Amino acid sequence: MRVSRLMLVTLRDDPAEAEISSHKLLLRGGYIRRISSGIYAYLPLLWRVLQKIEGIVRQEMNATGALETLLPQLQPAELWQRSGRWDGYTAGEGIMFHLQDRQERQLGLGPTHEEVITALAADLLRSYRQLPVSLYQIQTKFRDEIRPRFGLMRGREFIMKDAYSFHASEESLKQSYAAMDLAYRRIFARCGLRAVAVEADSGAIGGSASQEFMVTAEAGEDLILTSEDGRYGANQERAVSLPPPAVELQQSPCQELATPGLASIEDLCRVHGFDPTQIVKVLVLVARFAAAPAQPLLVCLRGDQQLNEVKLANAVSARAAEGAGALLEITPISNELLAAEGLAPLPFGSLGPQLDDGVLAGARSWQQRFLRLADTTATDLTGFVCGACRSDQHLVGASWEALLPQPDQRPQSLDLRAAQPGDRCLHAPEQTLLAARGIEVGHIFQLGRKYSQALEATFTNEAGSEEALWMGCYGIGVSRLAQAAVEQHHDEQGICWPTSIAPFEVIVVPANIEDPLQQQLAESLLTELLDAGVDALLDDRSERAGVKFKDADLIGIPWRVVVGRDAANGQIELVQRQGRSTEALAASALLEVLLPRLTTERCGLLGEPA
RNA sequence: CGGGAUGUAGCGCAGCUUGGUAGCGCACUUCGUUCGGGACGAAGGGGCCGCAGGUUCGAAUCCUGUCAUCCCGACCA
């Protein structure tokens, strides 16, 4: 390929719309163009990158025995209603683009394909003899993101590889899950990416175990916590840790304490000398459901701890009444919300766990009882400070037994706190958690039987009885991965693609194309490289050398062959993009020098041929 | 959706406060000189100033509305 024929348009200035390096570089390098918010055209250079990534993904997926397929993007609402996700995906988070056809049937553009694939499985998979089976596709997904940003990082239309596995038993599911874990590690390594696998929340997809693959980069949207020894890693949404020990409260009979104007834990501690670990703080929130009245929540945490909203949402969903539908959102209760329900205001700065359900009596649309939950750091306290449920009054020396004499009034104790960097690890208390930022490029789930049960996807087992299929699902954000690679591999001058996913492996740059000698040598090198199976590009533009060098750096081709002054002597220069090392060599020696390096580099971080 | 900002040529920006009919750099076209790290000179082409109302003799500029884009929060590959 020749640069003059490549429709290459590079930009000298950073476009104002881009914030992070990878986004700026993809725009400047002529890889992408924005068509609308969160919707991008993949220009020819990027398409080559995407195809290389897809090639690696295909090879590794095929190696696990998975079958490639292609499912419809336009999906009937009915399927989603049967799985119970239609409301959550359209009304609640509204992430699904949906529309009506001329018959006024509801349709959605697939944000994911569990429903379709499960319906197919129900149709096709009848016997345990057909199992296990895995299917995958590489396809455009649609999600009406609340806030698309950072280019391909969070688009509304993006390319994803999604795979689904079906099993006759949980053990078989676990085997496929482990095989996918390995395949994923190979995929990211082959793409030249440093990625870490971390425990993750399963989110809206549901299911039990799940693991995310994070490309470590400062611009990452996720906070991940890992132990120093590398044996534990988790998304902060999911991470667990040992809390710092509480400072014991001087035992005393429970007493009221006047605390005028002290509404925050910080103020309370400063004025009265308490430690935050001696305080039980109370958060009141309300959970909205798709098909049930809103549920007020009363959540207790130890004063020094922060609420992990993901853990809370999971706990609330798990306790929702049958038929309540999807949990749509959890919001703090404010006096405005109370007024809208026809309820009296609450003294927010001095609430205690003993807050009576009576405050909800007569609510217009809410349930009239709190769902009471507490983090174990709070329930572990034997004596504590908390609000007295009256303005400017707190209780000192309170205890769960005294405040709530009936055990069934007490909150359920569970893990609701957000693990923090610096916390001690569960598996080894002498280890502490370290924080890093990551870009989620892959996520694997053990779904279990959630979808197969909802969609009645059953098979006949060995004993001859009907059983719901066990399922796993496995995603890779292909277009996001391309940008994550740029985020992890760039410098001041531009992109430094890992060779295995670079749009071209080598760019031949004649310093002066007008010089017939240089032109001739460059042309013959191009032919030689192409004949040797190298993805080579020739910059045949009649630009000055500086312009061509700058562009080559910007678009990030791993190797540059410069044909210049010494072309007359058959001498050329070989420059490695990453690190800029330069060596002079005879043109005749190019393949001999370059091919072994390319062979190694094509394996990415795997270090050996795939 | 809440909070913040910005819309002027393909890209980056100035002009707006103090209304008088649009400018700079890059990119593009032609010619010449240059030619190993985004050259120089000359000549050119390209903009209903996001859109719609209003105020005014006159609006990129003032007012109202609207749309779009970006940033911070909730969502996710």
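All figures in this text were calculated on a predicted structure; none of them were measured in a lab. Note on naming: letters A, B, ... go to the chains in the order of the sequence lines (proteins, then strands), and numbering restarts at 1 for each one.
If you take atom P in B:U61 and the same atom in B:U55, they sit 15 Å apart, rounded to whole Å. Nucleotides B:C16 and B:U6 place their P atoms 15 Å apart, quoted to the nearest Å. Taking atom P in both B:G37 and B:C51, one finds a spacing of 44 Å when rounded to whole Å. For the C1' atom pair drawn from B:A59 and B:C63, the interatomic distance equals 11 Å after rounding to whole Å. Rounded to whole Å, the separation between the C1' atoms of B:A22 and B:G15 comes to 8 Å. Using P as the reference atom, B:U56 and B:G50 are 23 Å apart when rounded to the nearest Å. Using atom P as the reference point in both B:A60 and B:G20, the two lie 9 Å apart (nearest Å). Using atom P as the reference point in both B:C40 and B:A27, the two lie 9 Å apart (nearest Å).
Here the closest non-hydrogen pair linking A:A313 and A:I330 is CA-CD1, 3.8 Å. Between A:Y184 and A:G442, the shortest heavy-atom distance links the atoms CE2-CA, 4.2 Å. Closest of all the heavy-atom pairs between A:F150 and A:I20 is CB-CD1, 3.7 Å.
The CD1 atom of A:I444 sits 13 Å away from the C1' atom of B:A77 (whole-angstrom rounding). Atom C1' of nucleotide B:A14 and atom CG of A:D13 are separated by 14 Å, given to the nearest angstrom. Rounded to an integer number of Å, the gap from CG of A:N235 to P of B:C75 is 11 Å. Per the geometry, CG belonging to A:L517 stands 17 Å off P belonging to B:C35, to the nearest Å. The CD atom of A:E514 sits 12 Å away from the P atom of B:U33 (whole-angstrom rounding). Summarising the geometry, the separation between CD on A:E114 and P on B:C76 is reported as 13 Å, rounded to the nearest angstrom. We find that CD of A:E17 is positioned 13 Å from C1' of B:C71, with the value rounded to whole Å. Regarding A:R565, its CZ atom lies at a distance of 11 Å from the C1' atom of B:G37, rounded to whole Å.
Two residues, A:R156 and A:M153, neighbour RNA chain B, and the one matched to the more 5' nucleotide by heavy-atom proximity is A:R156. Closest-nucleotide positions on RNA chain B for A:Q493 and A:A18 were compared, and the one nearer the 5' end corresponds to A:Q493.
Between A:D162 and A:K141 there is a salt bridge, since a side-chain N of the basic residue sits under 4.0 Å from a carboxylate O of the acidic one.
The partner of B:A42 is B:U30, by the rule that a Watson-Crick or G-U pair needs both atom distances under 3.5 Å. Across all strands shown, B:C1 forms a Watson-Crick or G-U wobble pair, both distances under 3.5 Å, with B:G73. Within the shown strands, nothing qualifies as a pairing partner of B:U56 under the Watson-Crick or G-U definition with both distances less than 3.5 Å. Look at B:U61: it lacks any Watson-Crick or wobble partner with both distances under 3.5 angstrom. Pairing for B:G36 is absent, judged as Watson-Crick or G-U wobble with the two contacts each under 3.5 Å. A 3.5 Å limit on both hydrogen-bonding distances identifies B:G50 as the Watson-Crick or G-U partner of B:U66. Across the strands present, B:C16 finds no partner; the criterion is a Watson-Crick or G-U wobble pair with both atom distances under 3.5 angstrom. B:C11 and B:G25 make up a base pair, with Watson-Crick or G-U wobble contacts both under 3.5 Å.
Looking at heavy-atom distances under 4.0 Å, A:A16 makes contact with sugar-phosphate atoms alone, never a base. Using a 4.0 Å heavy-atom cutoff across all strands shown, A:F142 reaches no nucleic acid atom at all. Across all strands, A:G151 comes closer than 4.0 Å to no nucleic acid atom at all (heavy-atom distances). Backbone-only contact: A:G442 has heavy atoms under 4.0 Å from sugar-phosphate atoms and none from a base. At a threshold of 4.0 angstrom between heavy atoms, the contacts of A:E573 include nucleobase atoms, whether or not backbone atoms are also involved. A:D222 comes within contact range of at least one nucleobase, with a heavy-atom separation under 4.0 Å. Using a 4.0 Å heavy-atom cutoff across all strands shown, A:V562 reaches at least one base atom of the nucleic acid.
Within a 6.0 Å sphere centred on CD of A:E221, other residues, nucleotides and ligands contribute more than 12 heavy atoms.
Classified by interplanar angle (parallel below 30°, tilted 30° to 60°, perpendicular above 60°), the ring pair A:Y89/A:W80 is tilted.
At a non-hydrogen distance threshold of 4.0 Å, A:R28, A:R34, A:S36, A:S37 from residues 25-46 of chain A come into contact with RNA chain B. Contacts with RNA chain B (heavy atom under 4.0 Å) in residues 543-560 of chain A: A:R544, A:A545, A:G546, A:V547, A:F549, A:K550, A:D551, A:D553, A:L554, A:R560, listed by number.
By the salt bridge (Lys or Arg N to Asp or Glu O under 4.0 Å) test, A:E145 pairs with A:R154, sequence neighbours left out.
Regarding contacts with the backbone of B:C71, every side-chain N or O of A:R149 stays at 4.0 angstrom or more from both OP1 and OP2. Distances shown here put every side-chain N or O of A:R154 at or beyond 4.0 Å from the OP1 or OP2 atom of B:A77.
For the pair A:R156 and A:F142, the cation does not sit on the ring face, since its NZ or CZ is not both under 6.0 Å from the ring centre and inside 45° of the axis. With a 6.0 Å cutoff to the six-membered ring centre and a 45° limit on the axis angle, A:R185 does not count as a cation-pi contact of A:F213.
Using modelled atom types and a 3.5 Å distance limit, the side chains of A:E115 and A:S83 yield a donor-acceptor pair.
With A:K281 contributing its side chain and A:Q305 its backbone, the two residues share a donor-acceptor pair below 3.5 Å.
Interface remark: the A:R143 side chain does not form any donor-acceptor pair with the B:C75 base, using a distance-only criterion of under 3.5 Å.
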### Task
Kindly determine whether A:R580 and A:D553 satisfy salt bridge (charged side-chain N to carboxylate O under 4.0 Å, His left out), including the steps that lead there.
CA-CA 10 Å; A:R580 278 264 174 58; A:D553 285 348; 2.6 Å; yes
### Query
Could you walk me through whether A:E54 and A:K161 pass the salt bridge (charged side-chain N to carboxylate O under 4.0 Å, His left out) check?
CA-CA 8 Å; A:E54 290 178 9; A:K161 184 286 299 178; over 6 Å; no
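Comparing B:C1, B:C11, B:C76 against the side chain of A:R480 picks out B:C76 as the nearest.
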